[in-house]
Amino acid sequence: MDVHLVSLQQGQQMHIRGRGLPGERVPRGDVTVPTPDEEGFRAEVRGWLAANLSGEFAPLVGSGGPGREHESVEQRMAWERRLGEDGWIGIGWPESDGGRGLPWSQQVIFHEEYARAGAPARVGHIGEQLLGPTLLMFGTAEQRRRFLPGILAGTQLWCQGFSEPGAGSDLAAVTTRARLDGAEWRIDGQKVWTSLAQFADWCFVLARTDPAAQRHHGLSLLLVPVRQPGIEVRPIVQLTGTSEFNEVFFDDARAAAGDVVGAPGDGWRVAMGTLAVERGVSTFGQQLGFRREFEAVLQTARASGAIHDPDISARLVEAWIGLQVMRYTAVATLGQQANGGPGTEANVAKLIWAPWHQRLGELAVDVAGPAATVVGAGYELDNAQRLFLFTRADTIYGGSNEIQRNVIASRLLGLPREPR
Ligand SMILES: Cc1cc2nc3c(=O)[nH]c(=O)nc-3n(C[C@H](O)[C@H](O)[C@H](O)COP(=O)(O)OP(=O)(O)OC[C@H]3O[C@@H](n4cnc5c(N)ncnc54)[C@H](O)[C@@H]3O)c2cc1C
């Protein structure tokens, strides 16, 4: 199903056009015809992907992503540069900052077509989706001039240094500290779960710059080069046998005095801005990925005859219903974002998709049967095993389920804050 948000700028209403799976019925109530502009743009994206996911990049189809970030890293970095050369990074950013200023509807189309083509998981997504928008919101003109071009060109990779061993859900407990010494910040401490730090050139680090201040006060967001003597990146081996994230140790690491986003001490506000932009339009690409995973499980169940097991067939139906619920929730959430920034709808969406994805992983291994308990030589996982194991993380990262519920309780329903 392709989604068209054709009139968000004009009338702020959403239109959904359906072209679903064979046999899928699509609601007719809000069907609309895409504008010629959108059809043209979709054709342009498809054409570009078909032309470029060929030759040296053809083997990248389907590579990378959760549990597979170790795959073809060099080639995926080259792919980032190819995307950048032709202006496919930061397509929604303002033209004055090097983007293409494309509307939400076209950004959605890009993410859908990208996922549909099986284009490789982005190694540069943290720069494009987190740091870039943060600099657009809070960065100085000089910072935007210095850092945005590398992200847009796909030549500068970033990682997010927020979580620490004692500061995950409770991010205000950050203890990594930085002190200004002449022209430099000197940084000591430890981050953990730092995704893709092993490939990153830079890290945006939430650090305590005022040792006397407590909790949300006295924090700053620093832009820190990763490859320097004061930083050690240690990959963590996960359940999947691969390493997406890392421990990052700071031992008198350095950052330039001017490389602080927002005012020193204002890091909490900046970090909350970063967390608020997490995901956005890429949700639609993510959902096409979910759909593809679901179709693979369905196909395996058909091939093995597992669909005749009433428990399996009931769970397949539940999974399909979940896909539809996520679809419409995403459309509603995107409408909210387009109308003035993400609201608590994003928390609701996360609470829907993360457990759904975990259940799909459980279904995938149940459909595979006893074979799913055996791992190939060299801990080589198949798709069902990887899906099952990696989705354990879905209810943790980007805010755990419990934290999402707390946010909904306090911000959406106005319930009393939980006692500390
Ligand atoms: C795959 C993956 C990638 C990640 N990538 C990054 C990254 O690139 N950069 C980065 O900075 N971080 C990253 N993280 C870290 C992620 O943000 C944290 O794991 C998350 O915020 C939870 O923090 P924690 O692991 O310290 O768990 P804790 O905060 O210790 O929570 C442990 C458990 O207690 C529950 N809990 C905690 N507080 C409450 C409460 N007040 N009420 C009810 N229950 C509560 C939690 O829900 C959870 O179940 C990543 C995590 C994962 C799994």
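Counting starts at 1 for both ligands and their atoms, in listed order.
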Applying ring pair (Phe, Tyr, Trp, His ring centres under 6.0 Å), can you list everything that pairs with Phe57, at least two apart in sequence or on another chain?
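Applying ring pair (Phe, Tyr, Trp, His ring centres under 6.0 Å) to Phe57 gives Trp79.
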For atom 39 (C) of ligand 1, what's the nearest protein heavy atom and its distance?
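For atom 39 (C) of ligand 1, the nearest protein heavy atom is Ile403 CD1, 3.7 Å.
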Angle between ring planes, His216 versus Trp268, binned at 30° and 60°: parallel, tilted or perpendicular?
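If you compare the ring of His216 with that of Trp268, the planes turn out perpendicular.
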Of the listed options (Ala167, Gly166, Ser195), which comes nearest to atom 8 (O) of ligand 1 when hydrogens are ignored and any heavy atom counts?
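It is Ser195 that holds the nearest heavy atom.
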Between Thr395 and Gln358: side-chain donor-acceptor atoms closer than 3.5 Å:
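Yes, side-chain donor-acceptor contact under 3.5 Å.
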Does the side chain of Thr176 pick up a donor-acceptor pair with the side chain of Glu164 at under 3.5 Å?
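There is such a pair (donor and acceptor under 3.5 Å, judged by atom type) between the side chains of Thr176 and Glu164.
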Lys/Arg-Asp/Glu bridge criterion (N-O < 4.0 Å) met for Arg116, Glu113
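Yes, charged N to carboxylate O under 4.0 Å.
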Test Phe138 against Gln143 for side-chain contact (heavy atoms from CB on, under 4.5 Å), laying out the working first.
CA-CA 10 Å; Phe138 302 103; Gln143 285 169 341; over 6 Å; no
Atom 20 (C) of ligand 1: nearest protein contact (heavy atom, Å):
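Answer for atom 20 (C) of ligand 1: Ile396 O, 3.7 Å.
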Between Gln198 and Asn246, do the side chains contain a donor N or O and an acceptor N or O under 3.5 Å apart?
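The answer is yes; a qualifying pair exists.
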How far is atom 9 (N) of ligand 1 from its nearest protein heavy atom, and which residue and atom name does that atom have?
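The protein heavy atom lying closest is Gln160 O, 2.8 Å.
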Residue portion contacting ligand 1 (non-hydrogen atoms closer than 4.0 Å) for Asn406:
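Near ligand 1, Asn406 shows its side chain, while the N, CA, C and O stay back.
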Taking the side chain from Gln156 and the backbone from Ile151, do they hold a donor-acceptor pair closer than 3.5 Å?
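No, Gln156 side chain to Ile151 backbone: no donor-acceptor pair under 3.5 Å.
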Shortest protein contact, atom 7 (C) of ligand 1 (heavy atom only)
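Of every protein heavy atom, Trp193 O, 3.0 Å lies nearest to atom 7 (C) of ligand 1.
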With nothing but distance in play, are any N or O atoms of Ser400 less than 3.5 Å from an N or O of ligand 1?
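Between Ser400 and ligand 1, an N or O pair is found under 3.5 Å apart.
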Measure from atom 33 (C) of ligand 1 to the protein's non-hydrogen atoms and state whether any distance is below 4.0 Å.
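No, no protein heavy atom sits under 4.0 Å from atom 33 (C) of ligand 1.
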Nearest to atom 48 (C) of ligand 1, what protein heavy atom do you find, and at what distance?
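Looking only at protein heavy atoms, the one closest to atom 48 (C) of ligand 1 is Glu402 OE1, 4.1 Å.
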Return the residue, atom name and 0.1 Å-rounded distance of the protein heavy atom closest to atom 16 (C) of ligand 1.
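Minimum-distance protein heavy atom for atom 16 (C) of ligand 1 reads Ser163 OG, 3.7 Å.
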Heavy atoms only: which of Ser169, Gly398, Pro66, Gly168 lies closest to atom 28 (P) of ligand 1?
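It is Ser169 whose heavy atom sits nearest to atom 28 (P) of ligand 1.
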In the complex you have, is atom 30 (O) of ligand 1 within reach of the protein, judged by whether a heavy-atom distance drops under 4.0 Å?
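It does not: no protein heavy atom is found less than 4.0 Å away from atom 30 (O) of ligand 1.
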Which one holds for Phe162 and ligand 1: side chain close, backbone close, both close, or neither close, with close meaning a heavy atom under 4.0 Å?
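Both backbone and side chain.
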Six-ring centre of Phe388, Arg392 cation under 6.0 angstrom, axis tolerance 45°
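Yes, a cation-pi geometry holds between Arg392 and Phe388.
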Nearest to atom 41 (N) of ligand 1, what protein heavy atom do you find, and at what distance?
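Ranked first by proximity to atom 41 (N) of ligand 1 is Glu418 OE2, 2.7 Å.
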Any chance the rings of Trp202 and Phe147 have centres within less than 6.0 Å?
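Ring centres of Phe147 and Trp202 closer than 6.0 Å.
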Quick one: nearest non-hydrogen protein atom to atom 52 (C) of ligand 1, plus distance?
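For this ligand atom, the closest protein heavy atom is Tyr397 CB, 3.3 Å.
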